[in-house]
Amino acid sequence: MKMCPRHRNSFVIGVISLVLILGSENVKVVNGGSEYEAINCRKHSAVLTDFGGVGDGVKSNTKAFRNAIRNLSQHASDGGAQLIVPPGKWLTGPFNLTSHFTLFLHKNAIILASQDESEWPHLPALPSYGRGRDAPAGRFSSLISGTHLTDVVITGDNGKIDGQGAYWWEKFHKKQLNLTRPYMIELMYSDQIQISSLTLLNSPSYFIHPIYSSNIIMQGLTINAPRGSPNTDGIDPDSCRNVRIEDCKIVSGDDCISIKSGWDEYGIKVAMPSEHIVIRRITCSEMSGGISDVRAEDLIAINTESAVRIKTAVGRGGYVKDIFVRRMNLTTMKYVFWMTGSYGSHPDPHYDPKALPKITGINYADVAASDVKYSARLDGISNDPFTNICISNVSIQLNEQRKKLQWNCTNVSGVTRNVTPPTCELLPEKGPLQCPFPTNSLPIESVKLKSCNTKVFF
Ligand SMILES: *[C@@H]1O[C@H](CO)[C@@H](O)[C@H](O)[C@H]1NC(C)=O
Ligand SMILES: *[C@@H]1O[C@H](CO)[C@@H](O)[C@H](O)[C@H]1NC(C)=O
Ligand SMILES: *[C@@H]1O[C@H](CO)[C@@H](O)[C@H](O)[C@H]1NC(C)=O
Ligand SMILES: *[C@@H]1O[C@H](CO)[C@@H](O)[C@H](O)[C@H]1NC(C)=O
Ligand SMILES: *[C@@H]1O[C@H](CO)[C@@H](O)[C@H](O)[C@H]1NC(C)=O
Ligand SMILES: *[C@@H]1O[C@H](CO)[C@@H](O)[C@H](O)[C@H]1NC(C)=O
Ligand SMILES: *[C@@H]1O[C@H](CO)[C@@H](O)[C@H](O)[C@H]1NC(C)=O
């Protein structure tokens with residue numbers, strides 16, 4: 001499998017991964033409206049058809065979405081508003097959300113992303129990246145975006161959003177892009193975000209990209225893109241704090257969940273780390289600003305390149321620290337544990353060769369894996385070793401392509417306990433019986449969702 005060049009330090013769970021977890025069925029239809037759970041309910045409601053929307057899959061609804069959201073933004077300070085996308089196929093170009101706002105997709109609603117490039121506004125490169133990932137100039141707007149928002153919900157009764165990405169993937173493969181491909185959903189500089197109970201298909205590039213944002217709940221999402229579709233990462237929190245990702249099924253062409261924080265000198269300058277992140281009942285997971293306090297548990301991965309991966313390089317700077325992962329059930333993969341300090345892609349030649357990333361406090365416990373080729377490839381940076389690695393209670397069953405050197409360790413230090421096959425000299429068997437996992441809970445874990453209603457009967 002050819003890996004497309006990737007840019008950042010990353011903490012990745014599930015590379016080219018199929019992730020299978022139970023989705024949540026938390027939407028039901030009751031007396032005349034759909035009931036759903038959200039961080040906040042809304043006083044005002046409108047339906048896309050009120051604004052001239054046509055759900056025939058042919059007519060563009062770009063104006064309908066933009067007019068609806070502009071109109072509904074007037075209710076922000078009066079209880080907020082929800083926009084219902086009713087049954088139908090709603091072709092649209094990009095639109096921006098507003099604060100104190102809910103976008104709700106009926107279960108038979110499908111939003112189809114336009115393949116007409118003239119519909120897609122151009123945006124400058126992100127400050128923590130310095131350039132676009134597909135092309136140095138700017139980037140196309142995401143399909144659904146928001147900037148400087150508070151309290152925004154994108155949810156539905158498992159309604160669908162189809163990014164119709166094939167058009168963009170082909171241009172990417174033919175090197176015809178002079179701007180970076182759109183993401184499906186991107187929220188920037190925003191606080192209190194919920195994205196839940198939706199089926200997301202075929203994004204042109206990343207599916208969900210919250211950046212420079214906080215207090216984010218993502219749950220009950222089914223995400224699906226063909227194997228090998230370029231950079232179709234599932235969920236990529238980037239320079240975000242207080243993030244809860246749970247009960248998602250993700251099948252993607254690239255990473256399942258990837259935690260990031262910028263790229264080389266641009267990320268270092270912006271200096272917004274990703275931290276306080278809880279990931280559970282999912283499979284899958286990137287940095288220049290830093291990544292810390294990530295707690296991931298109850299992960300299933302089937303047929304992936306690796307289960308969890310941390311990737312960085314000289315020049316990336318930043319840190320990855322206090323990462324806790326436990327209870328993973330893994331089937332069919334190249335590496336169970338993969339950390340690399342030679343992930344050598346850079347935005348430009350101006351990276352600082354003295355900017356060494358600090359990778360420390362990485363804990364893995366209770367892992368069962370089968371059909372594995374290599375147990376671990378842990379490759380730190382010379383004179384900048386990855387330290388305080390702890391691995392306990394791990395049972396790995398190898399396949400026929402197994403390699404002789406199962407634990408290939410360079411420039412790393414730490415301890416292990418109850419791990420088969422036996423580990424490397426740099427990670428001796430003398431750790432605690434169980435590697436640590438935090439017992440306190442993060443504030444984002446205790447956010448309770450309210451029971452809301454669309455108030456519209458279909
Ligand atoms: C939008 O907002 C105005 C009030 O500002 C209202 O009069 C109008 O009917 C609303 N709805 C539509 C569909 O334009
Ligand atoms: C969304 O907002 C951003 C920044 O506020 C702006 O640059 C962009 O053009 C807007 N996109 C659309 C589709 O209106
Ligand atoms: C952008 O790419 C297209 C081909 O996809 C090309 O025709 C066009 O000239 C390019 N524009 C710029 C500004 O490079
Ligand atoms: C792990 O997954 C395999 C196959 O998906 C399943 O048969 C097995 O019961 C699971 N084990 C645990 C401990 O969940
Ligand atoms: C070891 O990990 C397995 C899952 O792989 C789990 O079922 C078992 O309870 C763990 N053992 C201990 C002592 O925690
Ligand atoms: C071990 O890993 C290093 C890089 O860290 C690589 O160059 C080497 O080929 C690997 N050795 C084996 C036997 O796989
Ligand atoms: C890093 O690993 C390489 C390859 O094993 C080794 O030659 C070098 O001495 C190591 N650096 C340090 C500082 O241990």
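Each ligand, and each atom within it, is numbered from 1 in the order the structure gives.
Atoms of ligand 6 lying under 4.0 Å from at least one heavy atom of Asp379, given by number and element, are 5 (O). The contact set between ligand 6 and Thr410, taken as ligand atoms under 4.0 Å from a residue heavy atom, comprises 5 (O). Near Leu405, meaning under 4.0 Å from any of its heavy atoms, are these atoms of ligand 6: 12 (C), 13 (C). Counting atoms of ligand 1 from 1 in the listed order, those under 4.0 Å from a heavy atom of Asp50 are 13 (C). Close approach of ligand 5 to Ala368 (heavy-atom distance below 4.0 Å) involves ligand atoms 5 (O). Proximity to Phe51 (heavy-atom distance under 4.0 Å) selects the following atoms of ligand 1: 11 (N), 12 (C), 13 (C), 14 (O).
When heavy-atom distances to ligand 1 are checked against a 4.0 Å cut-off, Asn71 comes that close only through its side chain, counted from C-beta outward. When non-hydrogen atoms are compared, ligand 5 lies under 4.0 Å from the backbone of Val367 (N, CA, C, O) but not from its side chain.
Here Arg281 pairs with Asp247 in a salt bridge; the nearest charged N to carboxylate O distance falls below 4.0 Å. Contact check on Asp78 versus Arg42 returns no salt bridge, with no Lys/Arg side-chain nitrogen under 4.0 Å from an Asp/Glu carboxylate oxygen. Using a 4.0 Å cut-off between charged nitrogen and carboxylate oxygen, Arg295 and Glu297 do not count as a salt-bridge pair. Salt bridge Asp366/Arg327: absent, no basic N to carboxylate O contact under 4.0 Å.
With no hydrogens or angles considered, a side-chain donor-acceptor pair links Glu119 and Ser60 at under 3.5 Å. A donor atom on one side chain and an acceptor atom on the other are not found under 3.5 Å apart for Thr332 and Asn303. The closest side-chain donor-acceptor pair between His106 and Asp157, if any, does not fall under 3.5 angstrom.
Looking from atom 4 (C) of ligand 6 to the surrounding protein, the closest heavy atom is Arg377 NH2, 3.4 Å. Annotation: atom 5 (O) of ligand 1 to nearest protein heavy atom, Gln74 OE1, 3.0 Å.
For atom 9 (O) of ligand 1, the nearest protein heavy atom lies 4.0 Å or farther away.
By the 6.0 Å and 45° rule, Arg66 does not stack over the aromatic ring of Phe95.
Within the 4.0 Å heavy-atom cutoff, Gln434 counts among the residues contacting ligand 5.
Annotation for Lys89: atom NZ does not count as buried by contact number, only 12 or fewer foreign heavy atoms lying within 6.0 Å.
For atom 12 (C) of ligand 6, the choice among Asn408, Asn411, Val412 with the nearest heavy atom turns out to be Asn408.
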